[in-house]
There are 2 protein chains.
Amino acid sequence: MVSSSEPSWDFYRTFLAVLEHGSLSAAARELGLTQPTVGRHIDALEESVGAELFTRSQQGLLPTDAALVLKPYAETLASTTAALLRAASGSKDKVSGTVRISASEVIGTEVLPPILADLQAKYPELVVELSASDAVEDLLQREADIAVRMVAPAQEALLARHIGVISLGLFAHRSYIARHGKPETVEQLRLHKLIGFDRQTAYIRMMMKRYPFLDGVRLSFRSDHSTALQNALRAGIGIGFYQTPLARRDANLVHLLPEVEVAIDTWVVMHENLKTSPRCRVTFDALVTGLLDYVRGSETEDQS
Amino acid sequence: MVSSSEPSWDFYRTFLAVLEHGSLSAAARELGLTQPTVGRHIDALEESVGAELFTRSQQGLLPTDAALVLKPYAETLASTTAALLRAASGSKDKVSGTVRISASEVIGTEVLPPILADLQAKYPELVVELSASDAVEDLLQREADIAVRMVAPAQEALLARHIGVISLGLFAHRSYIARHGKPETVEQLRLHKLIGFDRQTAYIRMMMKRYPFLDGVRLSFRSDHSTALQNALRAGIGIGFYQTPLARRDANLVHLLPEVEVAIDTWVVMHENLKTSPRCRVTFDALVTGLLDYVRGSETEDQS
DNA sequence: CAGATGATATACATAAATGTATGGTATCAT
DNA sequence: ATGATACCATACATTTATGTATATCATCTG
């Protein structure tokens, strides 16, 4: 028999801090503890799990394979405690406390701010955390309370509201058209400068499937940062996909080849347990109505 | 200003124990602490989250609404720490330590034991925890390491292996047929005693959709316990759905109306991170091959 | 109705975890 | 070389958390 009893859960927090900061001292500073204490926590945890977690050196602690295996679990613990504290924040019947929202970069940076501004004007005590990233945060891990998703939610425990489809089309800035002309057919796209993503995300793959001509196309500007792509597009660097309702806001963007269109289905998703929380309820509703407005913009454009 | 610093993570463990056992004293016994300590933990946690968590009384502690809101988070913490310790168990290259498997009741009780017996004979140091229940355990919450699922896995982070379809058919024991005769058409089923589930699970609903005649049927024996249903069937109480490969093992079970068949698709699913763990890898493989055998219906060794 | 049981709350002693101070060693810029 | 600055490890003092003992109240049981 090795471990007699379960280790203190605080050790996991310390463990994570050491992993993230690379040294006992740095972790101690982060946690408001002292270096010897952090060292003792790690020693105790190593004893409990029966494995070396770090190779000590004077320039810091290097995680072992065992430590890397445990890391995601510790991260889950951290995000769960954070979510717990968020859930506990705010009173029962007032709309106050913190709500964390996850959305794609484009939606998060371009579409949500005005919606959230209205919401916060209405509820001054509401604190909003917005995680705008194209990496999927997992609602079940409670990294976010509410998410705007581009995939149909599969899990039972999630409360989902279908928004509709956001239309993506090909756009270019007027200045680009002025210099390079306007492609009239899909084939002519090969002669143009195209802007696109670097890594392949799920929805890029979907797009590739739908428009195989995109596969061979050489991109003259690529980035994983949506904002960078967007600014590149607006700066007239080239032609790229852009959310139609967003493009309508900028009169200098020209819609090219309207027959090329990708529709991404959109949901607002929340964990079922949160529906009793006023601040989540209210935020959820605001996102739903705000995004419905936004999407409606893309449908009217469609008809033209 | 309310709470200056994050509460000890140990408080969450204590909190959960109090929730589950209903009193400070009982929680203290469970945790190997004393009643005053547990009381102090709860006090401190209430101070931190700024809410009353329990209404104290001499007959125990009654959770407030706030406590019930926090409960699922605390449960996630508990299952995550359990999973972490499981992940840490066993050495890096040997197949040892604990692996937790989740499966439906029927699969878990009837199909997996022989597969797991072979596996454990091969790897004596492997410890298997089997959760046989029709409630879905969540792999992302790491309640189980490996799951046998009847729904297609949606999450990206999961490593899934498609097994194929398990056929369900209508069966009855010979003794039942002897007493009540054999239904020759679907309509005649209404005249027979039927055995089925009490609550509606997802796959029951699917079945209803496929065979609408089942909807109005009055069940003369119902239970949520698969084993009870199975024993009822074998005792000759009535006619019920049964997994075809399982039924083959018992020569006394008669296949009725073979045109009525439900096929449930089956996957073995594991969290992607676990594929580097030998014990999970090995168990995953064993489950896949074992279940493939089962689905294929190769019952050469079974002569009961 | 009295006594046993099981609950929380409090006071005090004790054990345990933490902090402080210090020493040793690698790395880097001067 | 040579300080300066990171870092970890260890010894010792102190704070903090925990356990023990006890008081008090409610509920069940004979």
- Message: Heavy atoms within less than 4.0 Å of DNA chain D: which residues of residues 18-32 of chain B have one? Give them sorted by number.
- Response: B:Gly32
List, with names and distances, any nitrogen or oxygen atoms from the protein found under 3.5 Å away from nitrogen or oxygen atoms belonging to nucleotides 12-14 of chain C.
none

- Presence of A:His41 side-chain N/O under 4.0 Å of C:dA17 phosphate oxygens OP1/OP2: no
- Message: With heavy-atom distances below 4.5 Å as the criterion, would you say the side chains of A:Asp145 and A:Arg86 are in contact?
- Response: yes
- Euclidean distance, atom CZ of residue B:Phe11 to atom P of D:dA17 [Å, nearest integer]: 7 Å
- Message: Quick check for you: among D:dC8, D:dT20, D:dT10, whose closest atom lies nearest to any side-chain atom of A:Pro36?
- Response: D:dT10
- Item | Residues A:Asp43 and A:Arg40 bridged, charged N to O under 4.0 Å | no
- Below 4.0 Å: OP1/OP2 of C:dT18 and any side-chain N or O of A:Thr37: no
- Task: Whole angstrom is fine here: how far is it from CZ in A:Phe54 over to P in D:dA9?
- Result: 12 Å
- So, does the side chain of B:Gln35 form a donor-acceptor pair with the base of C:dA7 at under 3.5 Å? no
- Item | Check: B:Glu6 and A:Leu85 side chains under 4.5 Å, non-hydrogen atoms | yes
- Item | Check ion pair A:Glu20-A:Arg13 (N to O, under 4.0 angstrom) | no
- Taken to the nearest whole Å, CD/B:Glu52 to P/C:dT8 is 15 Å
- State, with a plain yes or no, whether a side-chain heavy atom of B:Thr283 is found less than 4.5 Å away from one of B:Val128. no
- Note on the structure: Whole-Å distance, B:Glu46 CD to C:dA9 C1', equals 14 Å
- Is there a side-chain contact between B:Gln230 and B:Glu110 (heavy atoms, below 4.5 Å)? yes
- Item | Validation row: B:Phe54, B:Ile42 side chains within 4.5 angstrom (heavy atoms) | yes
- Item | Any B:Thr98 side-chain heavy atom under 4.5 Å of B:Glu129 side chain | yes
- Message: Walk me through whether A:Val99 and A:Leu274 qualify under side chain to side chain contact (heavy atoms under 4.5 Å, CB included).
- Response: CA-CA 10 Å; A:Val99 59; A:Leu274 296 178; over 6 Å; no
- note: B:Asp10, atom CG; D:dT18, atom C1'; distance rounded to Å ~ 13 Å
- Given atom CG of B:Leu62 and atom C1' of D:dA26, what is their separation to the nearest angstrom? 16 Å
- Query: To the nearest angstrom, how far is A:Leu33 atom CG from C:dT20 atom P?
  - Reply: 11 Å
